[in-house]
4 protein chains.
Amino acid sequence: MKQKLIDASIHLFDEKGFTETSVQDIAGEIKVTKGTFYYYFKSKQELLRDIHLNYIGYLLSQQDEIINDTSRDSRNKLHDTVFMLIHSIRNRRKSARIFFREMRNLAPEYLEQNMEKRDLFRKNVQGIVEEGVRKGCFQEDLNTDMITRGILGVANWSYYWFNPEGDVSDEELTNIYLEMILNGINKK
Amino acid sequence: MKQKLIDASIHLFDEKGFTETSVQDIAGEIKVTKGTFYYYFKSKQELLRDIHLNYIGYLLSQQDEIINDTSRDSRNKLHDTVFMLIHSIRNRRKSARIFFREMRNLAPEYLEQNMEKRDLFRKNVQGIVEEGVRKGCFQEDLNTDMITRGILGVANWSYYWFNPEGDVSDEELTNIYLEMILNGINKK
Amino acid sequence: MKQKLIDASIHLFDEKGFTETSVQDIAGEIKVTKGTFYYYFKSKQELLRDIHLNYIGYLLSQQDEIINDTSRDSRNKLHDTVFMLIHSIRNRRKSARIFFREMRNLAPEYLEQNMEKRDLFRKNVQGIVEEGVRKGCFQEDLNTDMITRGILGVANWSYYWFNPEGDVSDEELTNIYLEMILNGINKK
Amino acid sequence: MKQKLIDASIHLFDEKGFTETSVQDIAGEIKVTKGTFYYYFKSKQELLRDIHLNYIGYLLSQQDEIINDTSRDSRNKLHDTVFMLIHSIRNRRKSARIFFREMRNLAPEYLEQNMEKRDLFRKNVQGIVEEGVRKGCFQEDLNTDMITRGILGVANWSYYWFNPEGDVSDEELTNIYLEMILNGINKK
DNA sequence: GATGAATGAGGCTTCATTCAT
DNA sequence: CATGAATGAAGCCTCATTCAT
């Protein structure tokens, strides 16, 4: 029941927004009453927090595996990171969009936690880039902070338009982007 | 007065969100009464629509100049586009974020107009990329649609973190991104 | 201009009701601004009062002529009264309906005036009936109060449905009603 | 609770009018909060509709019994109809006045339903009159439509002034009116 | 005479939340 | 576990009215 409520909320929060979705909407979606909602959640905000924690937790655990895979070099790890993000669109897109869009609606305490984890994720990606620089994969004079943010921009933005069921698969899109990031679009 | 109301709303919508900002908040921000608000706007939605139309109108007019500047080649036009976007952060960041985040809250009719114009902007950028391919600037086998979306991802994402007053200027950031997009980060 | 405002209000008050008609509606109807309205009337209520006074004044003056016409007997005077009311539908219907329906919205002081005049009108009709009884035109044991109210019911009710442009003219309707009131519908 | 809300509204709508009565007034009347009102009614209009449907439903069901009573002739049925209406003043006066006065405030769809039922009621009374003509009770050349409207005028108008607790009882008033309608007031 | 700007009060409605059962 | 009833705060919007020009 709790999971059903969470799933319903994720759907509705993504579609209409957190504030625009009422507890009634959520309960109605799975045919229970508001009372039931409050049996499982202390408040609407607590539910939002759960969604956020779950999403960022998932992201960090996935990232953990990528970073600690000693069999892959920096380029591969960058590839794996972008692929992980784009691949997640299939079942995490809604959570991701809620994550980015509804941060504001978290209580300040949770917001801070949230931002820390988000920064951690980004810093970890930056770590991959810096490793690549150190190991001579990437150019020496990169502004790794800006580059990392650019790479994440490419990947994150795809949450707003990419259709995993369309002509281009997630693997293909990852390859297109990695090729651009690594080698650029200039004619050689 | 109308402009003061618009400015106050842009500030508040960006900070707290459209739904989370009450007409009272807006009126209070500039020390007038709600009645005054409704003297200038038929509804809160109409104000949001005005903000959207103004922003996308600005974007398209800037793009127009870039596209029609015959003295610049495709690479330059791409540079100009990215620079225009990043440079606009200084005074259009809030509008831009509202534009992307509060689309949902537009009436369906305006939403459609909005999406059309947004698509037009993207297609125009894609036009620059395709021109570059045709003229031999860029690689022949580019998936121009995906690449364009990637480029816009890099630029748009910066609206969420870039601080024009920080260490890196808008010109520098544009150069960093154009270098990545054109030549990649791989060590040559 | 004042008369144009009055005419527009009568139309709108009848159509939508006093409270449901805004000063804006009235001003808009004749393409002036609210300010203009307040140049001619101290308040919306004052306008309503004017409409009421005008209507009841008209009624009483018409009644005055009927009562004082010494050439007509009680039956004729009753006929003239009913005819006057039904005939007035053509150009006074709206005022009349406002008169009956919007009394509540008058300030208490005007309401009282209003009811007094209304009662006076009714008492005058009752006077005609009583004269008829005294003079032997009408039955002796009539409850003249109730009968008068019944007669007025017949006439007043027609304001809600009678169409002077329809098959039955105001003269004909008056005759039909007078015949019923005087002789009944029973087969003789 | 729902019934208490309805009763309170009927009282207030009659006294002050639908538009002039706020939901706050209704809730306050029975010492609950506005929230409670909206727990039971989707809107103020829905409540008005309920009142209308209830009233006209009552009227039609009463009429049904009268029409189908084969033991009564046309004169009796006319009597029963007028008595039913006047007798209902005691506990339906307010509903009735709301019914006639607040039609405008119904949503168009309900308004239409309403008018149909109202017309049906009138047509049914007209049926009684026509039956009387056919059976030789009433005069042959009656304009049954106009006469019916006149009879209803007499009865309906009494809702605006008749006091069932006064000197004249509802039975007596009915007799007075039936006598006038059937035999007229002329001295024989 | 007429207008446009501004106000403030009040109305309808939604909604997160609580609580007894 | 789950419900139904009730609350109270807050939000959007309308409107009569005032006033300086």
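Source: prediction; values computed, not measured. Just so it is clear: chains get the letters A, B, ... in the order the sequence lines come, proteins before strands, and each one is counted from 1.
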Residue matched to F:dT21 through Watson-Crick or wobble contacts both under 3.5 angstrom = E:dA2
If you check the A:S43 side chain, which of E:dT17, E:dT13, F:dT3 turns out closest?
-> E:dT17
Given atom CD of A:E46 and atom P of E:dA16, what is their separation to the nearest angstrom?
-> 15 Å
Tell me the partner of E:dC12, counting only Watson-Crick (N1-N3 plus N6-O4 or O6-N4) or G-U wobble (N1-O2 and O6-N3) with both under 3.5 Å; none if nothing fits.
-> F:dG11
Spacing between D:K31 atom NZ and F:dA6 atom P, to the nearest angstrom = 16 Å
Say whether A:Y58 and A:S95, considering side chains only, have a donor N or O and an acceptor N or O under 3.5 Å apart.
-> no
5'-most contact on DNA chain E: D:G35 or D:T21, nearest heavy atom basis?
-> D:T21
Which listed nucleotide (E:dT13, F:dA2, E:dT17) is nearest to the side chain of D:Y38?
-> E:dT13
Nucleotide of E:dT7, F:dG4, F:dA6 approaching D:M1 most closely (side-chain heavy atoms) | F:dA6
Could you label the plane-to-plane angle of the B:F13 and B:F18 rings as parallel, tilted or perpendicular, counting under 30° as parallel and over 60° as perpendicular?
-> perpendicular
What is the distance from CZ of B:F37 to P of E:dG4, rounded to the nearest Å?
-> 21 Å
State whether A:Y40 places a side-chain N or O below 4.0 Å from either non-bridging phosphate oxygen (OP1 or OP2) of F:dA2.
-> yes
Heavy-atom nearest pair, A:D25 first then A:K16, reads OD2-NZ, 2.8 Å
What is the distance, rounded to the nearest whole Å, between atom OH of C:Y39 and atom P of F:dC19?
-> 17 Å
Using a cut-off of less than 4.0 Å, is there contact between a side-chain N or O of D:T36 and OP1 or OP2 of F:dT7?
-> yes
The nucleotide from F:dA6, E:dG8, E:dA16 with an atom nearest the side chain of A:K44 is E:dA16
In whole angstrom, give the distance that lies between atom CD of C:Q24 and atom P of E:dA5.
-> 13 Å
Quick one: A:L5 CG to E:dA16 P, roughly how many Å, whole number?
-> 14 Å
Using the closest heavy atom to pick a nucleotide of DNA chain E for each, name whichever of B:V32 or D:S22 lands nearer the 5' end.
-> B:V32
Cation-pi, D:F41 ring and D:K2 (6.0 angstrom, 45 degrees) = yes
Report the residue (B:T19 or C:V23) whose heavy-atom-nearest nucleotide on DNA chain F is the more 5′ of the two.
-> B:T19
To the nearest angstrom, the CD-P distance between B:E20 and E:dA16 comes to 12 Å
Protein-nucleotide distance (A:F18, atom CZ; E:dC15, atom C1'), rounded to Å | 12 Å
Go through the N and O atoms of the side chain of C:K34 and the base of F:dT17, and report whether any donor-acceptor pair is under 3.5 Å.
-> yes
With under 30° as parallel and over 60° as perpendicular, where do the rings of A:F100 and B:W157 fit, or are they tilted in between?
-> perpendicular
